Protein chains: 2
Amino acid sequence: MKTTGRRFKTAIFEQFTRIGKAIASPVRLELLDLLAQGPRHVEALAAAANVAIANASQHLQVLRAARLVETEKSGLYVTYRLADPAVAEFVRQLRLLAERRLAEIERTTRQFLESRGGFEAVDRQELLQRVKSGEVTVLDVRPTEEFEEAHLPGAISIPMAELEARMAELPKNREVVAYCRGPYCVLAIEAVQRLRARGFRAVRLDWGVVDWRANGLSVKRGKAAASVG
Amino acid sequence: MKTTGRRFKTAIFEQFTRIGKAIASPVRLELLDLLAQGPRHVEALAAAANVAIANASQHLQVLRAARLVETEKSGLYVTYRLADPAVAEFVRQLRLLAERRLAEIERTTRQFLESRGGFEAVDRQELLQRVKSGEVTVLDVRPTEEFEEAHLPGAISIPMAELEARMAELPKNREVVAYCRGPYCVLAIEAVQRLRARGFRAVRLDWGVVDWRANGLSVKRGKAAASVG
DNA sequence: CTAGTATTCAATTGAATTATTGATTACTCC
DNA sequence: GGAGTAATCAATAATTCAATTGAATACTAG
């Protein structure tokens with residue numbers, strides 16, 4: 001009797017550990033973070049996470065074995081996607097817990113931001129207020145597919161790679177608020193640097209769509225509007 | 001430039017992974033589950049999780065290195081406790097995600113319950129209603145320290161080890177609702193079996209105090225009331 | 001059918017993790 | 001001080017994990 005109860009408990013905790021092990025690798029966490037932006041091919045994921053394709057493929061299979069992601073094959077390509085929006089939310093909870101518990105994260109982030117030109121702290125609530133009221137230009141610097149998957153209402157899509165060339169599309173007199181995938185995505189940081197170098201008033205919003213959704217804010221799907229004021 | 005951004009990202013994801021690795025072991029998850037009930041000595045944790053003391057000690061140190069638990073030394077004993085209520089909530093989120101994603105968990109649980117005499121499904125909401133209205137006897141079968149740390153208001157504390165001897169304390173004509181640490185704690189299951197064998201109407205409530213708290217229900221601290229009707 | 005491409009597979013290597021054992025430390029009580 | 005005890009440490013062997021490499025698979029396009 002004692003032992004069947006113990007066996008049961010062990011079996012259950014081993015199941016929980018399937019999820020735990022799946023998120024116990026920096027590469028896999030980054031892949032999940034990318035997949036939280038929308039479905040992607042293996043090659044694109046490997047490139048974005050800066051790992052070899054075979055390596056990415058293996059990590060993705062680990063995630064699939066833990067049922068955190070699903071695949072769909074169409075032609076040559078295999079599309080990976082999160083199996084459940086709850087997975088993105090769980091990864092976000094992990095991030096929040098880590099931020100809360102590990103002082104190293106804040107320290108590393110501050111150091112990095114300072115090395116990038118000493119960014120001032122902008123109050124997030126006030127910034128969100130300005131975003132919602134429409135008094136600033138909201139700029140999404142993620143790749144087009146991610147923008148189309150989900151973006152802030154009213155945001156303009158200029159992928160980072162095209163920013164220099166397309167900066168003229170932005171109204172010069174309004175403040176620009178740039179965002180990308182979340183607090184640890186470096187695209188928006190770089191965008192702000194470049195915008196400032198070209199005379200724009202620009203600040204970064206350190207939330208991504210997963211954060212908006214979790215905070216009950218609306219998110220839009222679909223292509224960008226044809227033209228920008 | 002490209003590389004400093006990459007280094008930053010890698011450093012951050014490695015930090016997240018500290019938490020991920022900490023929960024990537026069945027033993028550590030069980031230790032966290034136990035600590036969610038309240039602070040404990042190493043020896044007690046090792047016994048409850050059914051591992052050697054040295055082994056438990058090492059796992060606890062891993063959890064401490066990830067800042068999920070804290071220690072306090074008093075005399076010969078070292079007391080471990082969760083570093084933050086958010087840790088218990090995170091472990092609960094992991095459990096919920098695992099239940100949602102891994103069909104094996106439900107299957108294993110059903111098999112175990114059937115082997116224990118085919119427990120009928122009781123609707124949890126209805127059960128909670130009966131618990132709140134006070135029309136049933138609520139029985140907490142966890143060890144006394146855990147009861148004193150936090151329990152359902154109105155619950156009677158009879159640790160599992162004492163149940164046979166103290167069953168007479170329970171009113172015979174009222175239905176008994178037994179609970180312990182959560183859905184995968186076997187104490188309440190065994191309690192219901194024994195109560196029924198002795199002629200009680202008894203059912204199990206598969207929530208623990210962490211679940212109550214997360215669902216906004218009140219939880220009491222302190223010793224048991226002196227006597228029971 | 002052939003060339004080309006995205007992905008996976010299989011094998012290898014080195015590193016990290018786990019449980020176990022016995023010794024050691026740090027403390028209490030007598 | 002000395003016996004006894006809770007916890008940790010240090011060393012080990014077994015296992016698992018991660019990244020790399022090159023080959024194999026499965027599909028498309030011509």
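Source: prediction; values computed, not measured.
Side-chain contact of Tyr184(B) with Glu99(B): a donor-acceptor pair under 3.5 Å is present, judged by distance alone. The closest side-chain donor-acceptor pair between Ser218(B) and Arg213(B), if any, does not fall under 3.5 angstrom. Of the N and O atoms on the side chains of Gln61(B) and Ser57(B), at least one donor lies less than 3.5 Å from an acceptor on the other residue.
Residue Phe13(B) contributes atom CZ, which lies 18 Å from atom C1' of dA18(D) at whole-angstrom precision. The distance from atom CG of Leu63(B) to atom C1' of dT17(C) is 14 Å, rounded to the nearest whole Å. Here the P atom of nucleotide dA15(C) and the CD atom of Glu14(B) are 16 Å apart, to the nearest Å. Rounded to whole Å, atom P of dA24(D) lies 19 Å from atom CD1 of Ile53(A). Put simply, CG on Leu60(B) is 15 Å from C1' on dA19(C), counting in whole angstrom units. Between the CG atom of Leu45(A) and the C1' atom of dT8(C) there is a distance of 15 Å, rounded to whole Å. As a whole-Å value, the separation of Glu30(B) CD from dT18(C) C1' is 16 Å. Atom CD of Glu72(B) is separated from atom P of dC27(C) by 14 Å (rounded to the nearest Å).
Residues Gly75(B) and Val62(B) each lie close to DNA chain C; by heavy-atom proximity, the contact nearer the 5' end of the strand is made by Val62(B). Both His59(A) and Ala44(B) lie close to DNA chain D; mapped to their nearest nucleotides by heavy-atom distance, the more 5′-ward contact belongs to Ala44(B). Each of Ala56(B) and Leu76(B) was assigned the nucleotide of DNA chain D with the nearest heavy atom; the assignment lying further toward the 5' end belongs to Leu76(B).
The side chain of Lys21(A) has dC17(D) as its nearest neighbour among dC17(D), dT21(C), dA18(D). Across dT7(C), dA6(D), dT8(D), the shortest atom-to-atom separation from the side chain of Glu43(B) is found for dA6(D). Of the candidate nucleotides dT18(C), dA6(D), dT8(D), dA6(D) has the atom lying nearest to any side-chain atom of Tyr77(B). With distances taken from any side-chain atom of Val42(B) to the nucleotides dC27(C), dT7(C), dA7(D), the minimum falls on dA7(D).
Applying the salt bridge (Lys or Arg N to Asp or Glu O under 4.0 Å) test between Arg221(B) and each of Glu149(B), Glu145(B), Glu146(B) identifies Glu149(B) as the sole match.
Among the protein residues, Val51(B) comes within range of no part of the nucleic acid, since none of its heavy atoms lies under 4.0 Å from any strand.
In this model, no side-chain donor or acceptor of Gln61(B) finds a partner on the base of dA7(D) within 3.5 Å. Contact annotation: side chain of Gln58(B) to base of dA7(D), donor-acceptor pair absent below 3.5 Å.
For the atom pair OG1 of Thr71(B) and NE2 of His41(B), the computed distance is 12.0 Å after rounding to the nearest 0.5 Å.
OP1 or OP2 of dA6(C) has not a single side-chain nitrogen or oxygen of Tyr80(A) nearer than 4.0 Å. Considering only side-chain N and O atoms, Ser57(A) lies under 4.0 angstrom from the phosphate OP1 or OP2 of dT8(C).
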